[in-house]
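Positions are given from 1 along the sequence. Nothing here was measured: the structure is a model prediction, and the numbers come from that model. Just so you know, ligand 1 is whichever comes first in the structure, and atom 1 is the first atom listed for that ligand.
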Amino acid sequence: MLVKGVVFHLDSDLPSEARCLLEDFRLAVNNSIRVGLQARVTSRNALCKIAYKEFRQEHPRMYSQHLVSAFEVAGGVLKNHRRRFRKDVSCRTPFVKRLMMKAENQAYKLDRVSGVIDLPIRAGFHVELRLVVSEYHRKYLDDMSLSLGSLTVLPNRVIVAFRKDAPKPFVPESALSLDTNERSLDGVFVEGDVAKAIKADFHDIAIIQQLLHDRRRRLQKKKAHDRRTSRNLCRREGAREHHRIDYRLHQVANSVLKFAEERKSAIVLEDLKGVMPKRSRELNRRLNMWPRRKLHQIIEYKAQWKGIPVVKVDPRYSSRTCPICRRIQDSRMGAEFKCKCGWRLDRHINASINLLQTAISKGMAGGLWFNPGAFQHDVMMILYEPAMAARSEPNGTSGVVGVT
Ligand SMILES: [Zn+2]
């Protein structure tokens with residue numbers, strides 16, 4: 001089962017009764033966290049068994065489904081805490097700070113035509129939440145193959161989970177093989193006996209990251225005497241940059257998926273598990289790897305949602321192998337891969353050809369084949385470039401709604 005959370009803004013302010021419910025819900029979650037820590041349990045059922053009666057008395061008017069859902073949220077927090085605690089015993093006791101509530105799909109009604117949510121507060125008392133529905137939201141509301149999952153209510157917006165069974169991936173008619181680099185996806189697109197170079201350039205992400213990194217350094221130095229302020233400032237800066245990067249990663253993924261969907265392509269990616277650039281320091285390494293991993297996550301998830309096949313292959317030697325004579329070079333070279341047999345090509349594109357050949361040799365569906373000799377050296381298809389993000393980035397005035 002695949003789940004996608006779609007963010008909706010509210011037409012008006014949250015009704016005061018709903019706000020009270022959010023506060024009650026948070027209280028119930030934090031109480032169940034406390035109970036769970038004492039009793040050393042993390043599952044919703046166990047929490048329910050231990051605490052339901054007492055909670056019923058403390059929150060006599062809360063709709064009982066919401067109470068159970070508070071146990072569920074607390075269970076999630078407790079599981080996270082347990083994982084962290086195993087690594088670091090000194091980590092803090094968890095609590096939910098943000099005002100929020102979650103309702104399971106039986107505990108609310110959404111009219112998919114009018115976009116009005118009916119949310120029970122307590123027995124016999126409901127509130128209506130009117131959603132702002134755009135064309136983007138219509139796609140989900142009108143698609144009856146999607147069922148409704150949980151509803152998360154926040155003070156200024158709600159998140160509706162849409163669910164569907166994973167569609168069966170189509171049989172590919174072409175292939176799009178991508179080598180993932182710090183500043184771009186470089187690859188080869190193969191259809192019939194034609195092969196072309198393809199590129200999605202996102203070097204602006206590296207620039208944003210560098211900016212963030214520098215600013216963080218400066219803040220830490222300037223506020224060295226005040227750790228708390230320094231930490232808060234860094235966190236705020238971080239969240240903003242994170243949004244900008246996330247937005248671009250989604251744009252890049254969308255451009256790749258649109259291309260693959262239109263041409264019925266299988267997508268070949270390197271398996272980034274365990275890939276770590278050598279010689280760089282711990283922090284830099286983490287900083288540099290996460291956008292790539294995140295990009296793969298987004299591509300894989302969205303491809304699953306759309307039924308586009310994705311093949312992941314081991315990238316070992318992919319940047320050092322000659323696709324013609326299979327000779328493995330001793331070390332990495334410059335921007336161009338050159339082989340003794342006369343083959344020469346952009347290093348990244350060459351790597352993507354090797355990834356594709358590995359995928360084909362592993363029996364990629366559809367009987368696709370690839371002849372490196374058919375590669376058209378003079379053609380480069382651009383899937384994405386930074387200017388495309390700059391044109392469409394939500395700036396708070398255009399009314400574009402974020403996607404999770
Ligand atoms: Zn060669």
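For His66 and Phe25, the ring centers are positioned 6.0 Å apart or more.
Leu178 has its side chain within reach of Ile198: a pair of non-hydrogen atoms, C-beta onward, lies under 4.5 Å apart. Taking the side chain as every heavy atom from C-beta outward, Leu10 and Leu131 approach each other to under 4.5 Å. Ser32 has its side chain within reach of Phe55: a pair of non-hydrogen atoms, C-beta onward, lies under 4.5 Å apart.
Listed by first and then second residue, the ring pair (Phe, Tyr, Trp, His ring centres under 6.0 Å) pairs involving residues 156-185 are Tyr140-Phe162 (not counting sequence neighbours).
If you count the protein N, O or S atoms nearer to the Zn ion (ligand 1) than 2.8 Å, you get 4.
With hydrogens and angles disregarded, a donor-acceptor distance shorter than 3.5 Å links the side chain of Asn354 to the backbone of Thr321.
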